[in-house]
Each structure stands twice: as structure tokens, then as C-alpha cells.
Participant: 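Questions regarding the structure given below will be posed in turn.
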Amino acid sequence: MRRSKRKTSGLQAAAVAAVCILFVVTALVGLYKCFSREPAVPRQETPRNTPEPEEDNAQEPGASAVKNTAPERKERFHTILLGGLDDENGGSDTNLLVAVDAKNGRIDVVSLPRDTLLNVSWSVKKLNNAYHHGGFTQTMEEVSRLLGIPVDHYVTVDLQAFVELVDAINGVDFDIPVDMDYDDDWQDLHIHFPKGLRHLDGKEALQVVRWRQNNDGTGYATADIGRIGTQQEFLKAVARQALQVSNWDKIRPMAEIFQKWVDTDLKLANLVWLGEQALTVGSDNITFHTLPGDGAGYYKGGSYYVLDPEAVLEMVNTYFNPYKRELTGEDMDILVP
């Protein structure tokens, strides 16, 4: 059973790469229908770290109640959590947080390593384990608590969307970063690609972004962080290919892929609006990041991705903070061993 879960987890890691470009596809479909709407910001409760007013300091009638309201937000700034789900065993093994800053014309995406250490009561305190304690809603809550910012919306995607999307645009040219030689008869998995530029179909692309290391132990110098980098570069390649004018006649089949394999709390008009922002920004101006930390960290004898609080705070304030005020370390809930 453990072996089966590892197989599916590796596969699902590729699925999220399809989502951003599917936003664009949905936008193109929506443009034909001429409707688009910016997502509404969900109503927020009082921030976790905002103190309740003391009775002795109660406000006079008519006074402005600012202490119990959420911080003022930036205009046209939205956060969306993208998740690649393991439908067979349950779990969210790939998570990307997207910040759409439409006012300033930028989109930032940060990869959240699956083994990120959380400050929770569960014995296995990894981010991908949050799904087992409350589904993707729990994952959203933990990411929000960890980083001290709201997660406005979610998009989850099945693996098959990745394969079908790459095939729908007639494959992708991609510069494979290392030699890949891996065989696993148990999974009937065989990955053999030399380093260098290659045209990949959907199945081959899945193998490339799934690969971790060779049978002889060689591979990425930074393990899963190296694989995240390959996934990010492949997403850029997919975006460039899909946005070519020659592929615009494939809008309908790509939209059908979105409808079949993607789940979200966003309305179609909202997706169209997000896609329009992606079209405006352009694939070369979507910036990717990885949450700063140590992939070789330990906590109570377990292996975790341990975050660097100061570096995380700087990254969030620079790219992902939807509030007009700067966040502080007290706004976040980062567990430091």
C-alpha cells in the first residue's frame, strides 16, 4: 500500500502545471462570449492575532471599530491555492500559491514543498498531510495560517488534465536539465531521456516532471527542490506553446479539458477575468518562487522541509501580501525546531 501511494503521489505532482494555462484557455473562450468578472474577495473574520478590545477600553458609541476588522486590502489583488490531488489515496502532494496583482500587472507563483513543517497537533506535521485532516479546505486554512495571509480561492486539478493538455497543443519543446534513467518494474515505470532539448508528448512530459532520481542514485543536487524547478520551467514552456496563435483553434478542446478535470470555487466569469490578466501579463512575466527553507531539516526525529522565517516573511511581503500594511513574524505561524 505504501508503494502504491508513492506512485500516485509522484504522478499527481505534475497535475498542477496545467492550471495556469487553462485559466488562459478559459479566458479565450469567455472572450468569445464577451463576459468577464473580477472575483469577489471572501468575507474575512477578525485576524487570528488581532486582540479583542478590553472591557475597560470599550469604544464610545459611534466610534470607528477598527481593531476587530481585517486589515485593509490592496485593490485587485487575489490569492489562489492550486492543488494537485491524489484521488486514489487522498492527499494534496503538490500545492502552488498564486498571487494575481492586476493593478500592477504581475502574477507570482510560489511552490509549497509537500513536506513543509506545520505547527499543528497531528503527529505527521507535513503540509501534504493537512488534506487527510479536512480535505483541501484544511489545506487552505493551514497555508493561510502558516503565511499569515488569506487564501481567497482554490483550484484543484486531476493528473489527466496535464497529459491531455500537452497532447492538445501537439506537445511541448523542453530542455531536459539532466540525464534521466530510471526503471521500476513494480510500477511499470521506465523513464529514459538524455539531457537536452526534446519535443515531448503528454505521456513523456509527465515522466519528465515526475522523475526524481536515477537507479544509481544520481539526480537533482537539491532533491525535490530541483524537481520543483523543472516543473516551473515546464509550466513556462507549456504557456509559451499554448499561447501561440497557431494553437488558438484548439481553444474548444482545451476548455473541455478544464471542465472535465478541474474543480474550483471560482465562477466561469471569474476564471475568464483571471485568464485575461494572464494574457495581459504574458507567460514571460509570470514569476515563480519556492518557499525558502531547508529540505534536509528534522523535527522530533522526522524529516521535514523547515522554513526560514525571515526569508519567508520577506518573500510574502514582497510578492504575496494582499494587505496594504506590512506583515510581521507575529502574523505567521512558522514552527522552528
Side-chain angles (χ1 to χ4, degrees), residues 6-25 82 84 93-94 96 109 111 113-114 157-251 253-254 257-258 261-262 278 282-290:
R6 286 179 59 194
K7 173 183 178 180
T8 308
S9 298
L11 289 169
Q12 297 301 338
V16 175
V19 174
C20 290
I21 193 59
L22 286 172
F23 278 156
V24 176
V25 171
L82 310 183
D93 286 323
T94 301
L96 303 177
V109 184
S111 296
R114 63 192 299 275
V157 61
D158 187 272
L159 162 71
Q160 193 60 30
F162 177 86
V163 177
E164 292 187 11
L165 175 64
V166 173
D167 285 337
I169 58 177
N170 297 323
V172 175
D173 292 326
F174 185 65
D175 192 4
I176 299 173
V178 295
D179 291 328
M180 299 181 176
D181 287 293
Y182 181 80
D183 291 288
D184 187 337
D185 293 333
W186 179 271
Q187 300 185 42
D188 192 23
L189 175 63
H190 306 280
I191 302 175
H192 298 285
F193 298 106
K195 177 181 178 181
L197 187 65
R198 182 186 177 100
H199 188 79
L200 303 171
D201 63 20
K203 182 179 179 180
E204 292 171 333
L206 178 61
Q207 291 179 340
V208 168
V209 296
R210 178 186 179 189
W211 180 86
R212 293 173 182 269
Q213 66 177 16
N214 295 320
N215 290 108
D216 63 4
T218 58
Y220 297 121
T222 52
D224 265 3
I225 301 305
R227 189 167 67 100
I228 286 174
T230 296
Q231 291 172 358
Q232 292 176 348
E233 289 302 315
F234 189 82
L235 173 54
K236 293 178 185 178
V238 171
R240 286 192 294 268
Q241 175 75 8
L243 289 175
Q244 290 181 4
V245 175
S246 60
N247 277 318
W248 285 17
D249 63 339
K250 303 179 179 69
I251 289 175
M254 288 193 284
I257 293 170
F258 190 103
W261 297 111
V262 174
S283 60
D284 290 336
N285 295 314
I286 299 176
T287 306
F288 290 86
H289 314 265
T290 299

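The first residue of the sequence shown is numbered 1, and numbering continues consecutively from there.
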Participant: Closest approach of Asp167 and Gly202, non-hydrogen atoms and distance?
Facilitator: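 Result for this residue pair: OD1-N, 2.8 Å.
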
Participant: According to side chain to side chain donor-acceptor pair (under 3.5 Å), who are the partners of Asp216, at least two apart in sequence or on a separate chain?
Facilitator: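 Counting only residues at least two positions away or on another chain, Asp216 forms a side chain to side chain donor-acceptor pair (under 3.5 Å) with Thr218.
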
Participant: According to side chain to side chain donor-acceptor pair (under 3.5 Å), who are the partners of Asp183, at least two apart in sequence or on a separate chain?
Facilitator: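 His190, His192.
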
Participant: Among residues at least two apart in sequence or on other chains, which ones pass side chain to side chain contact (heavy atoms under 4.5 Å, CB included) with Glu233?
Facilitator: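 In terms of side chain to side chain contact (heavy atoms under 4.5 Å, CB included), with neighbours along the sequence ignored, Glu233 is linked to Phe174, Lys236.
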
Participant: Are Phe193 and Leu200 packed together at the side-chain level, in the sense that at least one heavy-atom pair is separated by less than 4.5 angstrom?
Facilitator: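 Touching, per the 4.5 Å side-chain cut-off.
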
Participant: Pairs in or reaching into residues 193-202: which pass salt bridge (Lys or Arg N to Asp or Glu O under 4.0 Å), with residues at least two apart or in two chains?
Facilitator: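 Listed by first then second residue: Arg198-Glu204.
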
Participant: How long is the span from the OH atom in Tyr182 to the CG atom in Asn214, to the nearest 0.5 Å?
Facilitator: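 Between Tyr182 OH and Asn214 CG, I get 10.0 Å after rounding to 0.5 Å.
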
Participant: Shortest non-hydrogen contact from Leu96 to Ser111?
Facilitator: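 The answer is CD2-OG, 3.2 Å.
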
Participant: Identify the residue among Asp175, Val172, Val208 that makes a side chain to side chain contact (heavy atoms under 4.5 Å, CB included) with Phe234.
Facilitator: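 Answer to the side chain to side chain contact (heavy atoms under 4.5 Å, CB included) test with Phe234 among Asp175, Val172, Val208: Val172.
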
Participant: Indicate the atoms forming the closest heavy-atom contact of Ala237 with Asp173, along with that distance.
Facilitator: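 Heavy atoms of Ala237 and Asp173 come nearest at CB-O, 3.9 Å.
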
Participant: Could you tell me which residues satisfy side chain to side chain contact (heavy atoms under 4.5 Å, CB included) with Val178, sequence neighbours excluded, listed by chain and number?
Facilitator: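 Counting only residues at least two positions away or on another chain, Val178 forms a side chain to side chain contact (heavy atoms under 4.5 Å, CB included) with Met180, Trp211, Tyr220.
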
